[in-house]
**Q** 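Sending over a structure as C-alpha coordinates; questions will come in a sec.
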Number of protein chains: 2
Amino acid sequence: MKNTKQKILNVSLDLFSIYGFEATSMSKIANTIGIRKASLYSHFESKQAILNEIIDEILEYYDKKSNFVNTDWNTVDVPENVDEIVKKIQEQIQFILHDPYISKARKMLVIEQFNNPILSKLQTKQNYIDVLNYFTEFIQLLIQKDILIEEDATIMASQFCLPITVWINLCDREPERENEVMEQICKHIEQFFKVYKKG
Amino acid sequence: MKNTKQKILNVSLDLFSIYGFEATSMSKIANTIGIRKASLYSHFESKQAILNEIIDEILEYYDKKSNFVNTDWNTVDVPENVDEIVKKIQEQIQFILHDPYISKARKMLVIEQFNNPILSKLQTKQNYIDVLNYFTEFIQLLIQKDILIEEDATIMASQFCLPITVWINLCDREPERENEVMEQICKHIEQFFKVYKKG
DNA sequence: CCTACCGATCGGTAGG
DNA sequence: CCTACCGATCGGTAGG
(Lines give C-alpha, C1' and ligand atoms only; values in the text may rest on other atoms or scores of the structure.)
Protein backbone atom coordinates (compact mmCIF):
# COMPACT_ATOMS: atom_id res chain seq x y z
CA MET A 1 0.00 0.00 0.00
CA LYS A 2 2.39 2.63 1.30
CA ASN A 3 4.99 0.99 -0.90
CA THR A 4 2.83 1.55 -3.99
CA LYS A 5 2.13 5.15 -3.03
CA GLN A 6 5.85 5.83 -2.73
CA LYS A 7 6.45 4.05 -6.05
CA ILE A 8 3.91 6.35 -7.70
CA LEU A 9 5.68 9.41 -6.29
CA ASN A 10 9.10 8.17 -7.39
CA VAL A 11 8.07 7.15 -10.89
CA SER A 12 6.11 10.37 -11.37
CA LEU A 13 9.12 12.49 -10.44
CA ASP A 14 11.25 10.40 -12.82
CA LEU A 15 8.87 11.17 -15.67
CA PHE A 16 8.06 14.79 -14.71
CA SER A 17 11.79 15.54 -14.61
CA ILE A 18 12.25 14.43 -18.21
CA TYR A 19 8.96 15.17 -20.00
CA GLY A 20 7.33 17.68 -17.65
CA PHE A 21 4.06 17.47 -15.74
CA GLU A 22 1.58 18.06 -18.58
CA ALA A 23 3.31 15.79 -21.05
CA THR A 24 3.36 12.88 -18.59
CA SER A 25 0.12 10.87 -18.59
CA MET A 26 -1.45 8.90 -15.76
CA SER A 27 -1.33 5.79 -17.98
CA LYS A 28 2.42 6.26 -18.46
CA ILE A 29 2.91 6.49 -14.70
CA ALA A 30 0.75 3.42 -14.09
CA ASN A 31 2.33 1.34 -16.87
CA THR A 32 5.82 2.16 -15.65
CA ILE A 33 4.89 0.76 -12.23
CA GLY A 34 2.99 -2.16 -13.73
CA ILE A 35 -0.53 -1.36 -12.53
CA ARG A 36 -3.70 0.02 -14.16
CA LYS A 37 -4.29 3.73 -14.40
CA ALA A 38 -7.46 3.58 -12.29
CA SER A 39 -5.48 2.19 -9.38
CA LEU A 40 -3.52 5.40 -9.07
CA TYR A 41 -6.72 7.02 -7.84
CA SER A 42 -6.73 4.79 -4.75
CA HIS A 43 -3.65 6.71 -3.62
CA PHE A 44 -4.12 10.18 -5.12
CA GLU A 45 -7.30 12.02 -5.95
CA SER A 46 -5.82 13.61 -9.08
CA LYS A 47 -2.70 14.04 -11.16
CA GLN A 48 -2.27 17.46 -9.57
CA ALA A 49 -2.33 15.81 -6.12
CA ILE A 50 0.68 13.70 -7.12
CA LEU A 51 2.60 16.83 -8.10
CA ASN A 52 1.56 18.58 -4.87
CA GLU A 53 2.86 15.71 -2.78
CA ILE A 54 6.11 15.66 -4.78
CA ILE A 55 6.53 19.38 -4.07
CA ASP A 56 5.99 18.71 -0.35
CA GLU A 57 8.60 15.95 -0.50
CA ILE A 58 11.06 18.25 -2.27
CA LEU A 59 10.59 20.94 0.38
CA GLU A 60 11.02 18.42 3.18
CA TYR A 61 14.05 16.73 1.63
CA TYR A 62 15.62 20.10 0.91
CA ASP A 63 15.15 21.34 4.48
CA LYS A 64 16.68 18.15 5.80
CA LYS A 65 19.56 17.63 3.37
CA SER A 66 20.61 20.98 1.95
CA ASN A 67 23.65 22.72 3.35
CA PHE A 68 22.47 25.90 1.71
CA VAL A 69 19.85 26.59 4.36
CA ASN A 70 21.14 24.62 7.33
CA THR A 71 24.65 25.90 7.78
CA ASP A 72 25.42 27.85 10.93
CA TRP A 73 28.72 29.41 9.97
CA ASN A 74 29.52 30.17 13.61
CA THR A 75 29.90 26.49 14.44
CA VAL A 76 31.48 25.31 11.17
CA ASP A 77 35.24 25.20 11.21
CA VAL A 78 36.33 26.34 7.78
CA PRO A 79 39.61 24.84 6.62
CA GLU A 80 42.31 27.49 6.29
CA ASN A 81 44.02 25.56 3.51
CA VAL A 82 42.77 26.26 -0.04
CA ASP A 83 43.30 22.65 -1.16
CA GLU A 84 41.05 21.54 1.69
CA ILE A 85 38.37 24.03 0.68
CA VAL A 86 38.50 22.84 -2.92
CA LYS A 87 38.11 19.24 -1.76
CA LYS A 88 35.11 20.04 0.46
CA ILE A 89 33.34 21.92 -2.31
CA GLN A 90 33.98 19.14 -4.81
CA GLU A 91 32.36 16.69 -2.41
CA GLN A 92 29.32 18.96 -2.11
CA ILE A 93 29.05 19.21 -5.90
CA GLN A 94 29.30 15.44 -6.28
CA PHE A 95 26.50 15.00 -3.76
CA ILE A 96 24.20 17.57 -5.38
CA LEU A 97 24.95 16.18 -8.82
CA HIS A 98 24.27 12.52 -8.02
CA ASP A 99 21.73 12.41 -5.23
CA PRO A 100 18.87 10.87 -7.19
CA TYR A 101 16.16 12.88 -5.50
CA ILE A 102 17.90 16.25 -5.64
CA SER A 103 18.95 15.83 -9.27
CA LYS A 104 15.46 14.86 -10.45
CA ALA A 105 13.87 17.68 -8.48
CA ARG A 106 16.35 20.11 -10.01
CA LYS A 107 15.55 18.92 -13.53
CA MET A 108 11.79 19.18 -12.96
CA LEU A 109 12.13 22.74 -11.67
CA VAL A 110 14.13 23.67 -14.78
CA ILE A 111 11.46 22.23 -17.07
CA GLU A 112 8.50 23.74 -15.27
CA GLN A 113 10.00 27.14 -14.49
CA PHE A 114 8.07 29.09 -17.13
CA ASN A 115 4.55 27.74 -16.72
CA ASN A 116 4.12 26.84 -13.04
CA PRO A 117 4.39 29.87 -10.73
CA ILE A 118 4.99 27.77 -7.61
CA LEU A 119 7.81 25.81 -9.21
CA SER A 120 9.17 29.01 -10.71
CA LYS A 121 9.57 30.56 -7.25
CA LEU A 122 11.00 27.32 -5.90
CA GLN A 123 13.55 27.20 -8.71
CA THR A 124 14.73 30.73 -7.89
CA LYS A 125 14.89 29.98 -4.17
CA GLN A 126 16.58 26.59 -4.17
CA ASN A 127 18.90 26.99 -7.12
CA TYR A 128 19.75 30.67 -6.98
CA ILE A 129 18.96 32.65 -3.82
CA ASP A 130 19.83 30.05 -1.19
CA VAL A 131 23.02 29.03 -3.01
CA LEU A 132 24.11 32.61 -3.44
CA ASN A 133 23.38 33.47 0.21
CA TYR A 134 25.28 30.40 1.37
CA PHE A 135 28.39 31.27 -0.60
CA THR A 136 28.13 34.96 0.26
CA GLU A 137 28.30 34.06 3.96
CA PHE A 138 31.08 31.59 3.25
CA ILE A 139 33.14 34.23 1.49
CA GLN A 140 32.40 36.84 4.15
CA LEU A 141 33.86 34.41 6.66
CA LEU A 142 36.96 33.88 4.52
CA ILE A 143 37.37 37.66 4.27
CA GLN A 144 37.02 37.99 8.05
CA LYS A 145 39.65 35.32 8.52
CA ASP A 146 42.01 37.27 6.26
CA ILE A 147 42.10 34.42 3.72
CA LEU A 148 40.45 36.44 0.93
CA ILE A 149 40.79 40.10 -0.02
CA GLU A 150 38.01 42.50 0.88
CA GLU A 151 35.67 42.98 -2.08
CA ASP A 152 31.88 42.83 -2.55
CA ALA A 153 31.10 39.40 -1.08
CA THR A 154 27.88 38.90 -3.08
CA ILE A 155 29.65 39.54 -6.38
CA MET A 156 32.50 37.26 -5.35
CA ALA A 157 29.97 34.58 -4.43
CA SER A 158 28.24 35.01 -7.80
CA GLN A 159 31.50 34.61 -9.64
CA PHE A 160 32.26 31.59 -7.54
CA CYS A 161 29.02 29.62 -7.55
CA LEU A 162 27.05 30.68 -10.65
CA PRO A 163 29.48 29.09 -13.14
CA ILE A 164 29.17 25.91 -11.10
CA THR A 165 25.37 25.95 -11.36
CA VAL A 166 25.73 26.22 -15.16
CA TRP A 167 28.11 23.24 -15.17
CA ILE A 168 25.73 21.21 -13.01
CA ASN A 169 22.93 21.94 -15.45
CA LEU A 170 25.23 20.88 -18.30
CA CYS A 171 25.87 17.56 -16.52
CA ASP A 172 22.11 17.09 -16.01
CA ARG A 173 21.65 17.51 -19.76
CA GLU A 174 24.77 15.64 -20.94
CA PRO A 175 26.01 13.33 -18.17
CA GLU A 176 28.85 12.09 -20.41
CA ARG A 177 30.50 15.48 -19.96
CA GLU A 178 30.89 15.06 -16.22
CA ASN A 179 34.62 14.36 -16.13
CA GLU A 180 35.44 17.23 -18.43
CA VAL A 181 33.17 19.50 -16.37
CA MET A 182 34.66 18.47 -13.02
CA GLU A 183 38.09 19.38 -14.35
CA GLN A 184 36.82 22.83 -15.31
CA ILE A 185 35.23 23.25 -11.89
CA CYS A 186 38.49 22.33 -10.20
CA LYS A 187 40.49 24.78 -12.30
CA HIS A 188 37.86 27.44 -11.73
CA ILE A 189 37.95 27.12 -7.94
CA GLU A 190 41.74 27.21 -7.88
CA GLN A 191 41.79 30.23 -10.17
CA PHE A 192 39.21 31.96 -7.97
CA PHE A 193 41.30 31.51 -4.85
CA LYS A 194 44.48 32.44 -6.65
CA VAL A 195 43.04 35.75 -7.72
CA TYR A 196 41.13 36.61 -4.55
CA LYS A 197 43.60 35.26 -2.01
CA LYS A 198 45.03 37.78 0.36
CA GLY A 199 48.73 38.57 0.13
CA MET B 1 -1.23 32.50 -46.98
CA LYS B 2 2.43 33.07 -46.24
CA ASN B 3 1.24 35.45 -43.54
CA THR B 4 -0.76 32.69 -41.87
CA LYS B 5 2.13 30.25 -42.10
CA GLN B 6 4.41 32.73 -40.35
CA LYS B 7 1.70 33.40 -37.74
CA ILE B 8 1.54 29.69 -37.03
CA LEU B 9 5.31 29.54 -36.53
CA ASN B 10 5.32 32.61 -34.28
CA VAL B 11 2.39 31.54 -32.13
CA SER B 12 3.75 28.00 -31.84
CA LEU B 13 7.12 29.24 -30.60
CA ASP B 14 5.29 31.51 -28.13
CA LEU B 15 3.46 28.50 -26.71
CA PHE B 16 6.31 25.97 -26.96
CA SER B 17 8.56 28.39 -25.05
CA ILE B 18 6.16 28.46 -22.10
CA TYR B 19 4.43 25.06 -22.02
CA GLY B 20 6.77 22.92 -24.10
CA PHE B 21 6.12 21.07 -27.36
CA GLU B 22 4.10 18.10 -26.04
CA ALA B 23 1.92 20.14 -23.71
CA THR B 24 0.94 22.55 -26.51
CA SER B 25 -1.99 21.30 -28.58
CA MET B 26 -2.79 22.00 -32.21
CA SER B 27 -6.17 23.41 -31.10
CA LYS B 28 -4.44 25.86 -28.77
CA ILE B 29 -2.21 27.05 -31.61
CA ALA B 30 -5.17 27.40 -33.97
CA ASN B 31 -7.41 29.15 -31.41
CA THR B 32 -4.68 31.62 -30.54
CA ILE B 33 -4.48 32.63 -34.20
CA GLY B 34 -8.25 32.53 -34.62
CA ILE B 35 -8.59 29.70 -37.12
CA ARG B 36 -9.70 26.06 -36.95
CA LYS B 37 -7.26 23.31 -36.07
CA ALA B 38 -7.74 21.54 -39.41
CA SER B 39 -6.52 24.63 -41.25
CA LEU B 40 -3.08 24.26 -39.71
CA TYR B 41 -2.64 21.18 -41.88
CA SER B 42 -2.83 23.30 -45.04
CA HIS B 43 0.52 24.77 -43.98
CA PHE B 44 2.21 21.96 -42.08
CA GLU B 45 1.81 18.23 -42.45
CA SER B 46 2.13 17.59 -38.72
CA LYS B 47 2.80 19.18 -35.34
CA GLN B 48 6.36 17.86 -35.58
CA ALA B 49 6.76 19.68 -38.92
CA ILE B 50 5.97 22.97 -37.16
CA LEU B 51 8.70 22.30 -34.62
CA ASN B 52 11.15 21.30 -37.35
CA GLU B 53 10.57 24.53 -39.22
CA ILE B 54 10.96 26.51 -35.98
CA ILE B 55 14.30 24.78 -35.41
CA ASP B 56 15.37 25.73 -38.95
CA GLU B 57 14.35 29.33 -38.27
CA ILE B 58 16.29 29.36 -34.99
CA LEU B 59 19.42 28.09 -36.73
CA GLU B 60 19.07 30.62 -39.53
CA TYR B 61 18.34 33.54 -37.19
CA TYR B 62 21.23 32.54 -34.96
CA ASP B 63 23.70 32.34 -37.85
CA LYS B 64 22.58 35.75 -39.04
CA LYS B 65 22.28 37.62 -35.74
CA SER B 66 24.57 36.05 -33.18
CA ASN B 67 27.89 37.69 -32.41
CA PHE B 68 28.98 34.47 -30.79
CA VAL B 69 29.67 32.73 -34.11
CA ASN B 70 30.17 35.67 -36.47
CA THR B 71 32.90 37.67 -34.81
CA ASP B 72 36.23 37.90 -36.54
CA TRP B 73 38.39 39.22 -33.73
CA ASN B 74 41.10 40.31 -36.18
CA THR B 75 38.88 43.01 -37.64
CA VAL B 76 37.07 44.07 -34.46
CA ASP B 77 38.63 47.02 -32.68
CA VAL B 78 38.28 46.26 -28.99
CA PRO B 79 38.00 49.36 -26.81
CA GLU B 80 41.00 49.74 -24.52
CA ASN B 81 38.93 51.48 -21.88
CA VAL B 82 37.21 49.21 -19.35
CA ASP B 83 34.14 51.47 -19.12
CA GLU B 84 33.71 51.17 -22.88
CA ILE B 85 33.96 47.38 -22.69
CA VAL B 86 31.35 47.27 -19.92
CA LYS B 87 29.02 49.41 -22.02
CA LYS B 88 29.41 47.25 -25.12
CA ILE B 89 28.72 44.07 -23.18
CA GLN B 90 25.67 45.57 -21.49
CA GLU B 91 24.28 46.42 -24.91
CA GLN B 92 24.84 42.84 -26.05
CA ILE B 93 23.06 41.51 -22.97
CA GLN B 94 20.12 43.86 -23.51
CA PHE B 95 19.80 42.65 -27.08
CA ILE B 96 19.97 38.96 -26.18
CA LEU B 97 17.55 39.46 -23.32
CA HIS B 98 14.87 41.32 -25.25
CA ASP B 99 15.06 40.19 -28.86
CA PRO B 100 11.69 38.44 -29.00
CA TYR B 101 12.86 35.62 -31.21
CA ILE B 102 16.10 34.88 -29.37
CA SER B 103 14.47 34.99 -25.94
CA LYS B 104 11.64 32.63 -26.90
CA ALA B 105 14.06 30.25 -28.60
CA ARG B 106 16.23 30.27 -25.49
CA LYS B 107 13.27 29.47 -23.24
CA MET B 108 12.11 26.62 -25.48
CA LEU B 109 15.59 25.08 -25.48
CA VAL B 110 15.66 25.24 -21.67
CA ILE B 111 12.29 23.49 -21.41
CA GLU B 112 13.02 20.80 -23.98
CA GLN B 113 16.63 20.08 -23.03
CA PHE B 114 15.98 16.77 -21.25
CA ASN B 115 13.63 15.02 -23.67
CA ASN B 116 14.55 16.18 -27.18
CA PRO B 117 18.09 15.17 -28.19
CA ILE B 118 18.29 17.69 -31.05
CA LEU B 119 17.23 20.60 -28.85
CA SER B 120 19.52 19.31 -26.10
CA LYS B 121 22.56 19.59 -28.39
CA LEU B 122 21.38 22.96 -29.67
CA GLN B 123 21.04 24.25 -26.11
CA THR B 124 24.61 23.23 -25.31
CA LYS B 125 25.93 24.76 -28.53
CA GLN B 126 24.08 28.08 -28.58
CA ASN B 127 23.94 28.84 -24.88
CA TYR B 128 27.18 27.32 -23.64
CA ILE B 129 29.88 26.35 -26.14
CA ASP B 130 29.57 29.25 -28.59
CA VAL B 131 29.28 31.81 -25.79
CA LEU B 132 32.28 30.37 -23.98
CA ASN B 133 34.38 30.25 -27.16
CA TYR B 134 33.44 33.83 -27.99
CA PHE B 135 34.49 35.15 -24.59
CA THR B 136 37.59 32.97 -24.49
CA GLU B 137 38.79 34.58 -27.71
CA PHE B 138 37.78 37.99 -26.42
CA ILE B 139 39.80 37.52 -23.26
CA GLN B 140 42.76 36.09 -25.16
CA LEU B 141 42.79 39.28 -27.16
CA LEU B 142 42.68 41.41 -24.01
CA ILE B 143 45.58 39.38 -22.62
CA GLN B 144 47.53 39.89 -25.85
CA LYS B 145 46.89 43.62 -25.65
CA ASP B 146 48.28 43.65 -22.11
CA ILE B 147 44.92 44.76 -20.69
CA LEU B 148 44.38 41.60 -18.64
CA ILE B 149 46.83 39.41 -16.74
CA GLU B 150 47.89 36.11 -18.24
CA GLU B 151 45.80 33.28 -16.78
CA ASP B 152 43.81 30.37 -18.28
CA ALA B 153 41.59 32.23 -20.77
CA THR B 154 38.85 29.57 -20.80
CA ILE B 155 38.49 29.68 -17.03
CA MET B 156 38.49 33.46 -17.07
CA ALA B 157 35.82 33.40 -19.76
CA SER B 158 33.75 30.95 -17.69
CA GLN B 159 33.96 33.19 -14.66
CA PHE B 160 33.02 36.12 -16.83
CA CYS B 161 30.11 34.83 -18.91
CA LEU B 162 28.55 31.91 -17.01
CA PRO B 163 27.20 34.05 -14.15
CA ILE B 164 25.64 36.25 -16.83
CA THR B 165 23.91 33.27 -18.45
CA VAL B 166 22.42 32.42 -15.04
CA TRP B 167 21.18 35.99 -14.64
CA ILE B 168 19.65 35.96 -18.12
CA ASN B 169 17.81 32.76 -17.27
CA LEU B 170 16.60 34.41 -14.04
CA CYS B 171 15.23 37.34 -16.06
CA ASP B 172 13.51 34.91 -18.45
CA ARG B 173 11.80 33.34 -15.45
CA GLU B 174 11.15 36.52 -13.42
CA PRO B 175 11.30 39.55 -15.72
CA GLU B 176 10.48 41.88 -12.81
CA ARG B 177 14.00 41.23 -11.49
CA GLU B 178 15.67 42.74 -14.55
CA ASN B 179 16.81 46.01 -12.97
CA GLU B 180 18.21 44.30 -9.91
CA VAL B 181 19.96 41.75 -12.14
CA MET B 182 21.44 44.37 -14.49
CA GLU B 183 22.96 46.08 -11.46
CA GLN B 184 24.57 42.83 -10.40
CA ILE B 185 25.88 42.24 -13.91
CA CYS B 186 27.40 45.70 -13.97
CA LYS B 187 29.11 45.20 -10.60
CA HIS B 188 30.26 41.76 -11.69
CA ILE B 189 31.90 43.01 -14.88
CA GLU B 190 33.64 45.85 -13.04
CA GLN B 191 34.83 43.48 -10.34
CA PHE B 192 36.08 41.05 -12.98
CA PHE B 193 38.18 43.70 -14.69
CA LYS B 194 39.39 45.10 -11.38
CA VAL B 195 40.76 41.75 -10.35
CA TYR B 196 42.13 40.60 -13.69
CA LYS B 197 43.41 43.95 -14.97
CA LYS B 198 47.11 44.13 -15.58
CA GLY B 199 49.18 46.43 -13.42
C1' DC C 1 -9.85 28.65 -45.04
C1' DC C 2 -14.11 25.66 -43.32
C1' DT C 3 -17.33 21.56 -41.30
C1' DA C 4 -17.46 17.06 -40.08
C1' DC C 5 -15.37 13.33 -38.80
C1' DC C 6 -11.65 9.42 -37.39
C1' DG C 7 -9.37 6.29 -33.75
C1' DA C 8 -6.56 6.94 -29.79
C1' DT C 9 -5.70 8.76 -25.57
C1' DC C 10 -6.55 12.08 -21.93
C1' DG C 11 -7.90 12.61 -16.64
C1' DG C 12 -11.12 10.70 -13.91
C1' DT C 13 -15.30 7.66 -11.97
C1' DA C 14 -18.31 3.54 -10.70
C1' DG C 15 -18.41 -0.50 -8.67
C1' DG C 16 -16.42 -4.53 -7.07
C1' DC D 1 -5.75 -3.72 -6.82
C1' DC D 2 -9.04 -4.73 -11.08
C1' DT D 3 -12.57 -4.16 -15.39
C1' DA D 4 -15.44 -1.23 -17.63
C1' DC D 5 -16.75 2.94 -18.61
C1' DC D 6 -17.37 8.47 -18.98
C1' DG D 7 -16.99 13.00 -21.72
C1' DA D 8 -13.34 15.75 -23.50
C1' DT D 9 -9.52 16.39 -26.14
C1' DC D 10 -5.60 14.69 -28.72
C1' DG D 11 -3.23 14.68 -33.66
C1' DG D 12 -4.77 14.08 -37.98
C1' DT D 13 -7.91 13.26 -42.45
C1' DA D 14 -11.75 13.78 -46.01
C1' DG D 15 -13.89 16.66 -48.79
C1' DG D 16 -15.26 21.00 -50.21
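Owing to the predicted nature of the structure, the values given are computational and were not obtained by experimental measurement. Lettering follows sequence order; numbering is per chain, from 1.
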**Q** Relative to the ring of B:Phe160, is the ring of B:Phe192 parallel (under 30°), tilted (30 to 60°) or perpendicular (over 60°)?
**A**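 If you compare the ring of B:Phe192 with that of B:Phe160, the planes turn out perpendicular.
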
**Q** Under the 3.5 angstrom rule, does the side chain of A:Gln159 hit a backbone N or O of B:His188 as a donor-acceptor pair?
**A** yes

**Q** For A:Ile96, is there any backbone N or O sitting under 3.5 Å from a side-chain donor or acceptor partner on A:Arg106?
**A**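 Yes.
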
**Q** Establish whether the base of C:dG11 is bridged to the side chain of A:Lys37 by a donor-acceptor pair shorter than 3.5 Å.
**A**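 Present.
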
**Q** Expressed as a whole number of angstroms, how long is the span from A:Leu51:CG to C:dG11:P?
**A**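 For the pair A:Leu51 CG and C:dG11 P, the rounded distance is 13 Å.
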
**Q** Determine whether more than 12 heavy atoms belonging to other residues, nucleotides or ligands lie under 6.0 Å from atom CG of B:Asp72.
**A**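 Result for CG/B:Asp72: enclosed.
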
**Q** Quick one: B:His43 NE2 to D:dG11 C1', roughly how many Å, whole number?
**A** 17 Å

**Q** Of the listed nucleotides (C:dT13, C:dC2, D:dG12), which one gets closest to any side-chain atom of B:Tyr41?
**A** D:dG12

**Q** Please report the distance, rounded to the nearest Å, between NZ in B:Lys47 and P in D:dC10.
**A**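 That distance rounds to 9 Å.
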
**Q** In the strands shown, is D:dC5 matched to any nucleotide by a Watson-Crick or G-U wobble pair with both distances under 3.5 Å, and which?
**A**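 Across all strands, the one nucleotide that pairs with D:dC5 is C:dG12.
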
**Q** Please report the distance, rounded to the nearest Å, between CE in A:Met26 and P in C:dC10.
**A** 11 Å

**Q** Classify the side chain of A:Ser42 versus the base of D:dC1 as yes if they form a donor-acceptor pair under 3.5 Å and no if they do not.
**A**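 Flag set: donor-acceptor pair detected.
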
**Q** Does C:dC10 have OP1 or OP2 sitting under 4.0 Å from an N or O in the side chain of A:Ser27?
**A** yes

**Q** Assign each of B:Gly34 and A:Lys28 to its nearest nucleotide of DNA chain C by heavy atoms, then name whichever residue's nucleotide is nearer the 5' end.
**A**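 Its nearest nucleotide lies further toward 5', so the answer is B:Gly34.
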
**Q** Provide, to the nearest angstrom, the distance between the CD atom belonging to A:Glu22 and the C1' atom belonging to D:dT9.
**A**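 One finds 12 Å between C1' of D:dT9 and CD of A:Glu22, rounded.
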
**Q** Angle class for the A:Tyr61/A:Tyr101 ring planes (parallel below 30°, perpendicular above 60°, tilted otherwise)?
**A** tilted

**Q** A:Leu40 has an atom CG; how far is it from atom P of C:dT13, in whole Å?
**A** 13 Å

**Q** Across the strands shown, which category fits B:Ser25 at heavy-atom distances under 4.0 angstrom: base, sugar-phosphate, nothing?
**A**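 B:Ser25: backbone/sugar contact only, no base atoms under 4.0 Å.
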
**Q** Of the nucleotides C:dT3, D:dC2, C:dC1, which one has an atom closest to the side chain of B:Ala38?
**A**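 Nucleotide nearest to B:Ala38's side chain: C:dT3.
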
**Q** I need the CD1-P distance between B:Ile35 and D:dG12, as an integer number of Å.
**A** 15 Å

**Q** Both A:Glu45 and B:Arg36 contact DNA chain C. Which one's nearest nucleotide lies toward the 5' end?
**A**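 Taking each residue's closest nucleotide, the earlier one in sequence belongs to B:Arg36.
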
**Q** What integer distance in Å separates B:Leu15:CG from D:dC10:P?
**A**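 Taking atom P of D:dC10 as the reference, CG of B:Leu15 is at 12 Å.
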
